[in-house]
Amino acid sequence: MKCLSVDNVTKRFGDITALSGINLDFYENKIYGLLGRNGAGKSTLLNIITGRLFADEGSVTLDGTPVIENEKNLSRIFMMSENNYYPESMKVSEAFGWTKEFYPSFDMERAYDLSERFGLSPNKKIKSLSTGYSSIFKLITALSTNAPYILLDEPVLGLDANHRDLFYKVLIEVYSENPATFIISTHLIEEVSGIVEGVVVIDAGRIICNESRESLLSRYCCITGAVSAVDAFVQDKKVIASETLGGLKNAYIEGTVVKGSLPEGLNISGIDLQKLFILLTNKGGRKQ
Amino acid sequence: MNIKAALKYRLYDSKKPILIYYLAIAGLLLLLFTSFMSIKISSGRVNGMEMASAIFLFVFGMNSFKESFRLFMQNGVSRKTVFVSQLLSALIICATMSLIDNIISFLNKIIFTSDRFSYTGLIEQIYGKQGSGISMAILSFVFCFSLNLAFLSLGFLITTLYYRMNKGQKIAVSIGVPALLYVILPVLDTILFKKALSDAFGKLFSFAFGSPFASILSCIILSAVFYCFCWPLIKKAVVRD
């Protein structure tokens with residue numbers, strides 16, 4: 001199966017290990033959520049995949065051939081960065097034009113259509129765009145490239161709720177029209193949870209979860225009820241976290257529980273992706 | 001390879017500053033001409049305006065890395081293409097500007113042709129008359145081209161070097177190099193070497209730039225050396241925010 005592979009990638013910045021032995025496969029035509037807290041290493045990983053940074057160890061391959069300094073492979077990957085890498089004096093329309101020079105499959109018609117839908121003026125200079133519109137400009141560019149692998153680093157940074165909603169709709173439209181692999185790195189987990197098929201959670205430079213959203217969410221559940229009843233029920237189970245509020249307790253456990261086997265007074269519910277992410281990555285703060 | 005697109009972008013990107021530069025040159029020449037004509041000046045000379053192009057290209061080279069490198073990285077261009085496109089664009093820009101400069105020089109000689117006002121091209125100013133007609137024009141073109149290339153490549157090397165340096169290294173080089181050239185070496189030369197260093201440098205300079213042909217060769221060798229230093233710097237360059 002065709003895929004973008006990250007093999008044993010390690011990256012250090014001085015004494016800090018930003019990524020440690022990362023192994024990942026991103027398969028074609030799937031939408032992935034790359035989730036992690038601030039400083040977890042998401043952007044570093046994406047920058048290494050696209051060859052903007054060099055890994056200290058390991059390699060990145062596309063269908064078995066190296067990506068770094070390989071223009072055939074680099075032209076199949078487009079990354080929308082959190083930062084702007086276009087000359088500030090360049091107009092939006094010029095940026096579209098130059099992107100088409102480097103990505104001949106760039107859909108100019110779609111770019112202008114999306115610009116109209118998002119209310120972005122193609123005649124504006126990039127430096128004059130607000131944070132939100134700068135993100136919109138970069139999003140439109142990314143979604144119009146028709147590259148087989150599109151990496152979106154914080155795609156909704158500075159976007160208001162309406163624009164975020166429109167972005168998710170457009171993403172699905174583009175995906176339906178031209179299936180591609182999307183890797184979305186974001187903090188807004190709740191918003192992407194309905195879109196992503198694969199979930200990669202990165203924490204302090206290590207992958208702590210890499211599986212389909214469905215299988216991930218099915219492995220965890222929440223047991224709610226009186227403190228003593230919950231404690232008694234979960235004592236032989238793998239509890240990943242718990243919360244007590246008054247006399248009620250929520251115990252988050254890894255493993256499946258048959259609803260019929262629950263004692264009276266206890267309830268079982270699923271855990272949403274955002275809550276699960278918090279539970280998996282919250283260890284009482286982060287070391288800088 | 002994205003060389004064609006990268007080269008196209010570099011040439012597009014250079015169009016505006018070069019146009020502004022030549023507009024400024026045209027304005028300056030017009031000012032000189034009208035001044036000579038309208039004000040009661042007994043005599044005047046305009047010399048070697050080609051040198052201004054070399055200085056412009058040095059500054060242009062100093063501004064030729066960061067912005068384009070980021071754009072190229074954004075668009076999946078390899079570092080090899082970044083380097084090759086820079087080299088090709090430098091050759092095209094230097095050749096074009098040398099041609100324009102020689103045309104301007106030719107026109108200046110026609111315009112500033114009276115007994116009171118005259119114009120001398122750079123090569124003639126430095127080395128005296130080196131033949132006439134087409135051979136002089138070709139020699140002047142090649143001379144300007146090699147000079148432009150040396151200045152542009154030096155500017156490009158400096159900016160690439162600074163891009164790769166951290167803050168401390170930048171400060172050290174910014175202070176260290178002028179201090180070495182203008183303080184330490186002259187002091188050492190006077191006290192320790194009894195002017196032997198400056199004599200040796202003078203001889204080397206005379207040897208390297210003593211004739212138009214030696215200058216052309218020296219400038220081309222220097223350009224090649226500067227670009228040879230640029231490649232390893234670009235090869236390991238990463239995108240910085």
Side-chain angles (χ1 to χ4, degrees), chain A residues 11 13-14 18 43-44 46-56 62 66-91 94-106 126-127 137-138 141-142 145 147-151 153, chain B residues 1-20 60 62-89 159-160 163-169 230-241:
Chain A
K11 177 71 183 173
F13 294 106
S43 297
T44 304
L46 296 181
N47 279 323
I48 286 174
I49 289 173
T50 49
R52 294 178 192 178
L53 287 180
F54 294 105
D56 294 325
L62 184 53
V67 170
I68 197 145
E69 290 301 278
N70 180 346
E71 282 188 355
K72 194 181 163 202
N73 282 342
L74 285 169
S75 67
R76 295 170 62 199
I77 305 169
F78 187 89
M79 178 177 164
M80 174 218 163
S81 307
E82 204 178 326
N83 298 305
N84 173 43
Y85 293 139
Y86 294 87
E88 291 196 329
S89 58
M90 195 178 258
K91 282 182 182 176
E94 288 173 328
F96 289 162
W98 284 111
T99 309
K100 189 162 177 62
E101 289 285 339
F102 295 103
Y103 290 86
S105 58
F106 184 87
I126 292 168
K127 69 176 170 191
F137 151 67
K138 288 181 282 177
T141 310
T145 54
Y149 292 86
I150 297 173
L151 284 52
D153 192 8
Chain B
M1 290 282 270
N2 274 322
I3 282 183
K4 200 178 158 189
L7 180 61
K8 192 175 167 185
Y9 174 75
R10 284 197 183 277
L11 294 177
Y12 166 84
D13 196 37
S14 63
K15 221 164 52 180
K16 200 174 166 184
I18 291 173
L19 196 69
I20 292 170
F60 177 80
M62 294 258 280
N63 288 288
S64 295
F65 185 69
K66 192 178 174 182
E67 204 175 71
S68 56
F69 180 69
R70 284 157 66 114
L71 180 92
F72 289 151
M73 288 293 108
Q74 173 63 66
N75 286 289
V77 175
S78 70
R79 287 162 180 81
K80 191 179 170 186
T81 300
V82 171
F83 176 75
V84 174
S85 65
Q86 209 290 330
L87 180 58
L88 291 176
S89 69
T159 193
T160 315
Y163 184 83
R164 290 293 309 277
M165 287 176 185
N166 60 34
K167 209 174 174 181
Q169 289 168 330
C230 285
W231 169 235
L233 293 170
I234 293 174
K235 201 177 167 185
K236 293 288 173 194
V238 295
V239 176
R240 285 186 180 167
D241 297 327

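By convention in this document, chain letters (A, B, ...) are assigned in the order of the sequence lines, proteins followed by strands, and residues within each chain are numbered from 1. Given the structure is predicted, the values throughout are model-derived calculations rather than measurements.
- Residues Y86(A) and W98(A) place their aromatic rings such that the two centres sit no closer than 6.0 Å.
- When heavy atoms are compared at a cutoff of 4.5 Å, N84(A) approaches chain B solely by way of its backbone atoms N, CA, C and O.
- Looking at residues two or more places apart in sequence or on another chain, you find a side-chain hydrogen bond (donor to acceptor under 3.5 Å, both in side chains) between S43(A) and D153(A).
- Looking at heavy atoms from C-beta onward, F72(B) lies out of side-chain contact with Y85(A) at the 4.5 angstrom threshold.
- Among E67(B), K66(B), R70(B), the residue making the largest number of heavy-atom pairs under 4.5 Å with chain A is R70(B).
- Looking at F54(A), the atoms closer than 4.5 Å to chain B (heavy atoms on both sides) sit in the backbone and in the side chain alike.
- Residue I77(A): no heavy atom, backbone or side chain, is found under 4.5 Å from chain B.
- Every residue two or more places apart in sequence or in another chain that forms a salt bridge (Lys or Arg N to Asp or Glu O under 4.0 Å) with E69(A) is listed here: R79(B).
- Ranked by heavy-atom pairs under 4.5 Å with chain A, the list N75(B), V77(B), L71(B), D13(B) is led by N75(B).
- Heavy atoms closer than 4.5 Å to chain B are found nowhere in T50(A), neither backbone nor side chain.
- Here the CD-CZ distance, from Q86(B) to F69(B), works out to 13.0 Å after rounding to the nearest 0.5 Å.
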